[in-house]
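Quick notes on the structure that follows.
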Amino acid sequence: MSKQQVNLQEPFLMILFGGAGDLARRKLFPALYSLHRNGLIHDRFAVVGLGRSVREQEEYRSIVRESVEKYSRWDTETEQDWSSFLNRFRYVSLDVADASGYKDLLGEVEGLEQKWHLPQNRLFYLAISPRLFGDVAIQLKEVGLTQTRGWRRLVIEKPFGHDYPSAKELNDQITGSFLEEEIYRIDHYLGKEMVQNITVIRFANSLFEAMWNNRYISHVQITAGETVGVGERAAYYDHAGALRDMVQNHILQMVTMVAMEPPSRLKPEAIHDEKVKVLRSLRRWKEEDVATHMVRGQYTAGLLDGKPAVAYREEEGVPEDSTNETFVAGKWYIDNFRWSGVPFYIRTGKRLDQKVTEVVIQFKGVPQNLYFNKNNDLAPNLLVIRINPDEGLSFQMNAKKPGGDPEVVPIAMEFCNNCDVESPEAYESLLRDALEGDRTFFTHWDEVSLAWKFIDPIRRVWDQDKDSLCFYEAGSSGPVEADALLAKDGFHWHSPRPRQRSIIQGSEIGSSQRRGCP
Ligand SMILES: NC(=O)C1=CN([C@@H]2O[C@H](COP(=O)(O)OP(=O)(O)OC[C@H]3O[C@@H](n4cnc5c(N)ncnc54)[C@H](OP(=O)(O)O)[C@@H]3O)[C@@H](O)[C@H]2O)C=CC1
Ligand SMILES: O=C1O[C@H](COP(=O)(O)O)[C@@H](O)[C@H](O)[C@H]1O
C-alpha cells in the first residue's frame, strides 16, 4: 500500500525500554533524528530512555549523538541543532523486572510532559529482551502509565513468541493493558520501500493486476539471502533458527503482499483483512508433507568474497553439535481461486553468496513458440521486485536480437528505486507511522497467530527429525536440496542479477541462471 496522505503530527513522549541497546543505537536514534531533521514529526517531543545501567544525563546524550553520527544517513548539524535535538533525551535507570521502580518512571514521565507541554501522547517502545515484554506491559498499567489524556501506543519488537502458545500468552498479557488498535508489532520488512511498493505495483497497474493469477503466473519465488553469519546473536539464533527468525515473519508477510486481494479501501483494517485471508488459505503441511515441501540447511566452512568463513558450528556461542538451521527453503500453495496450483517457492539463509531480497513472478509461456532461438525455447517473462539492498523492478521479456539473425533473446526493462533518491530506512517509516497512528505496516494479532499455526507443525517435524538438516558451504547459494525442490517441477531459482541502470537493457540469460535446471 502506498502511504496515505495524512499529516497527523502531534506532540509526543517516547518511553524507550532498552534505551541504550543495540537497536536503539543503530536504528531508533538515527530514525528519530532523521524524522526530526526533516520536519516529519512534531517539533514538541521528548524521549525517556530506560535501562538498568546507571548513567549521567550527559553520558546518555553522548550515546545518542555518537549513534546518530555513526549510523544516520544524514550529515551532522551545527552544535546548536545538536543541542536542540539532544536536550529532549532523558535517561532513567530502571530494572523493568522490579515492579517498585515504575512509580519513579511515572514521576519522570509526568515531569517531562509538563516541561515540554506535552498532551500525554505516550509511545511505549519495547526494545528489550522479548522475555520482558509481557511484564512491562502489565506494570505500565499497574502504575497508571497507560492512563493518559492523549493517546497511548505500544510498539513491540520481534520475536513475538517462539510458537503459537507462547505468542498467545504474550498477546494476552499485552492486551490486558493495551487495545489491539494501540499495539504496533514491528516487522521491519514491512517498512521497506519496495515491500510497500508490491501492492502499488499490483493494484495501480492494470497490466499486472489482470495477469496476477493462476491463468498467467507459473510460480512465485521469494528470496531473502544474507552474507552475514550468526554474528553475536548465537544465544538467540541457535534456538530460533531461520524458520522462526525470518520465515514466520518477514517471508510470510511478503507472501501476503504478493498474494492478497485488492482491499476495498486503503485502510489498515481493510488491508489486514485481505492479508489474513491469504494466511488462512495457505496450505498447512501435514507431518508427512514436510520432507517433500521444506528444506532446512546449515552452513559449513567456505569462502565468501574470497575470504574463509567458518562453519556455523564453529561460530562463537554455537554448540559444536548444533542442529539449528541457518537456511530454509519451501514450496507452498495458497488454496484459493486466484492462486490454485501456483507454487510459491521461498528461501532464506545466512552466509549465502549474496545479500539480496527479491520477489520473482514467473509468467507462463505463450501457447506456441514461433521462433527459433539458442535453446529452442523462449525465456519466461519475469517480473523481479528487488527489495534489498538494490531497490527496483526488472521486467524480462523476449525481443528480436538486433542485427541480421532472426534470433529471439530475453531483454530486461529496469527501474531503479534508490539510484537517484535515497530511500528512508525501514525504521524511519515505521516510527513515523506509529507516531501518526497508522497501523498499515504493522502486524495484527491474527496475522501473527496464523503465521505461527503454519510454522509450528514444520518446526515440530524438524525438531523430531534431526536428519532433516542439509548442509551448504558458506558463500554458496544454499543446499542442493533447495535446488531440487524446484527442479522436480521443471524450474530453477533465478539467481539475482546485478542492477542495471539503463531503461532497456539487452541481457541474455547466462549459464548461472540455468543452475539446477533439468
Ligand atoms: N539489534 C537489532 O538489530 C534488532 C533487535 N530486535 C529486537 O529488539 C529488542 C532489543 O534488541 P537489542 O537492542 O539488540 O538488545 P540489547 O541487548 O542490545 O539491548 C537491550 C537493552 O535492554 C536493557 N535491559 C536488559 N534487561 C533489562 C531490565 N531488566 N530492565 C531494564 N532494561 C533492561 C539493556 O540495558 P541495561 O543492560 O543497561 O539494562 C540493554 O541495553 C529485542 O527484542 C530484539 O529481538 C529486532 C530486530 C533487530
Ligand atoms: O529480522 C531479521 O532480519 C535481519 C535481516 O534484515 P535485512 O533488513 O538486513 O534484510 C536478519 O539478519 C536477522 O537475523 C533477523 O532477525
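Note that the numbering runs from 1 along the sequence shown for the chain. Indexing begins at 1, ligand by ligand and atom by atom, following the structure's order.
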Looking at non-hydrogen atoms alone, which of K158, R233, E157 comes nearest to atom 45 (O) of ligand 1? K158

Go through the steps for Y184 and L123 under the test side chain to side chain contact (heavy atoms under 4.5 Å, CB included), then give the verdict. CA-CA 10 Å; Y184 292 69; L123 187 81; 5.8 Å; no

Using 30° and 60° as the class boundaries, would you call the ring planes of Y299 and Y472 parallel, tilted or perpendicular? perpendicular

Starting from atom 1 (N) of ligand 1, find the nearest protein heavy-atom neighbour and note its residue, name and distance. D22 OD2, 2.7 Å

Protein heavy atom at shortest distance from atom 42 (C) of ligand 1: I128 O, 3.3 Å

Considering only heavy atoms of P159, which atoms of ligand 1 have at least one such atom less than 4.0 Å away? 45 (O)

Inspect the surroundings of CG in D305 and state if more than 12 heavy atoms from other residues, nucleotides or ligands are less than 6.0 Å away. no

The protein heavy atom nearest to atom 36 (P) of ligand 1 is R52 N, 3.5 Å

Please verify the inter-ring angle class for Y345 with H219; under 30° counts as parallel, over 60° as perpendicular, anything in between as tilted. perpendicular

Heavy atom of protein inside 4.0 Å of atom 17 (O) of ligand 1, strictly below: no

Looking only at protein heavy atoms, which one is nearest to atom 4 (C) of ligand 1, and how far off is it? L23 CD1, 3.5 Å

Checking heavy-atom distances from atom 31 (C) of ligand 1 to each of L94, V136, L28, the winner is L94

Is there a side chain to side chain contact (heavy atoms under 4.5 Å, CB included) between I361 and V258? Walk through the geometry before answering. CA-CA 9 Å; I361 311 292; V258 171; 4.0 Å; yes

Determine the sole option in Q298, K350, R296 for which the side-chain hydrogen bond (donor to acceptor under 3.5 Å, both in side chains) test with E325 is passed. R296

To check your reading of the model: name the closest protein heavy atom to atom 20 (C) of ligand 1, its residue, and the distance in Å. A127 O, 3.8 Å

Tell me: protein heavy atom nearest atom 30 (N) of ligand 1, and distance? V96 N, 2.9 Å

Should the pair F160 and W445 be assigned to parallel (<30°), tilted (30 to 60°) or perpendicular (>60°) ring geometry? tilted

Can you name the atoms of ligand 1, numbered from 1 with element, that are less than 4.0 Å from a heavy atom of P130? 43 (O)

Would you call F133 a ligand 1 contact, heavy-atom distance under 4.0 Å? yes

Out of all atoms in ligand 1, which are within 4.0 Å of some heavy atom of G18? Include the element for each. 21 (C), 22 (O)

Can you tell me how the ring of H188 sits relative to the ring of Y427, calling it parallel under 30°, perpendicular over 60° and tilted otherwise? parallel

Only residue of R73, R432, K27 satisfying salt bridge (charged side-chain N to carboxylate O under 4.0 Å, His left out) with E425 is K27

In the protein, what heavy atom is nearest to atom 40 (C) of ligand 1, and what distance, to one decimal place, separates them? G21 CA, 4.2 Å

Do M260 and R202 pass the side chain to side chain contact (heavy atoms under 4.5 Å, CB included) test, and can you show the C-alpha distance, the side-chain angles, and the key distance before you say yes or no? CA-CA 10 Å; M260 66 187 269; R202 289 186 52 195; 3.8 Å; yes

Any heavy-atom pair between the side chains of L279 and K275 that's under 4.5 Å? no

May I have the N/O to N/O pairs between ligand 2 and the protein that fall below 3.5 Å, each with atom names and distance to one decimal?
{"from": "ligand 2", "atom 1": "1 (O)", "to": "K158", "atom 2": "NZ", "distance (Å)": "3.0"}
{"from": "ligand 2", "atom 1": "1 (O)", "to": "H250", "atom 2": "NE2", "distance (Å)": "2.7"}
{"from": "ligand 2", "atom 1": "6 (O)", "to": "H188", "atom 2": "NE2", "distance (Å)": "3.2"}
{"from": "ligand 2", "atom 1": "8 (O)", "to": "H188", "atom 2": "NE2", "distance (Å)": "2.8"}
{"from": "ligand 2", "atom 1": "8 (O)", "to": "K192", "atom 2": "NZ", "distance (Å)": "2.6"}
{"from": "ligand 2", "atom 1": "9 (O)", "to": "K355", "atom 2": "NZ", "distance (Å)": "2.8"}
{"from": "ligand 2", "atom 1": "10 (O)", "to": "Y189", "atom 2": "OH", "distance (Å)": "2.5"}
{"from": "ligand 2", "atom 1": "10 (O)", "to": "K355", "atom 2": "NZ", "distance (Å)": "2.8"}
{"from": "ligand 2", "atom 1": "10 (O)", "to": "N388", "atom 2": "ND2", "distance (Å)": "3.0"}
{"from": "ligand 2", "atom 1": "12 (O)", "to": "E226", "atom 2": "OE1", "distance (Å)": "2.5"}
{"from": "ligand 2", "atom 1": "12 (O)", "to": "E226", "atom 2": "OE2", "distance (Å)": "3.2"}
{"from": "ligand 2", "atom 1": "12 (O)", "to": "K350", "atom 2": "NZ", "distance (Å)": "3.1"}
{"from": "ligand 2", "atom 1": "14 (O)", "to": "R233", "atom 2": "NH1", "distance (Å)": "2.9"}
{"from": "ligand 2", "atom 1": "14 (O)", "to": "D245", "atom 2": "OD2", "distance (Å)": "2.6"}
{"from": "ligand 2", "atom 1": "14 (O)", "to": "K350", "atom 2": "NZ", "distance (Å)": "2.8"}
{"from": "ligand 2", "atom 1": "16 (O)", "to": "K158", "atom 2": "NZ", "distance (Å)": "2.8"}
{"from": "ligand 2", "atom 1": "16 (O)", "to": "R233", "atom 2": "NH2", "distance (Å)": "3.1"}
{"from": "ligand 2", "atom 1": "16 (O)", "to": "D245", "atom 2": "OD1", "distance (Å)": "2.6"}
{"from": "ligand 2", "atom 1": "16 (O)", "to": "D245", "atom 2": "OD2", "distance (Å)": "3.4"}

Can you pull out the closest protein heavy atom to atom 38 (O) of ligand 1? Residue, atom name and distance to 0.1 Å, please. S53 OG, 2.5 Å

What atoms of ligand 1 come within less than 4.0 Å of a heavy atom belonging to D95? 28 (C), 29 (N), 30 (N)

Report the C-alpha distance between D163 and S166 in whole Å, list the side-chain angles of each, state the deciding distance to 0.1 Å, and finish with yes or no for side-chain hydrogen bond (donor to acceptor under 3.5 Å, both in side chains). CA-CA 6 Å; D163 55 12; S166 58; 2.6 Å; yes

For Y236 and S129: C-alpha separation, side-chain torsions, deciding distance, then whether side-chain hydrogen bond (donor to acceptor under 3.5 Å, both in side chains) applies. CA-CA 10 Å; Y236 151 75; S129 164; over 6 Å; no

Does R351 qualify as a cation-pi partner of Y312, given the criterion of NZ or CZ under 6.0 Å from the six-membered ring centre and within 45 degrees of its axis? no

Find all atoms of ligand 1 within a distance of less than 4.0 Å from any non-hydrogen atom belonging to R26, and give their numbers and elements. 1 (N), 2 (C), 3 (O)

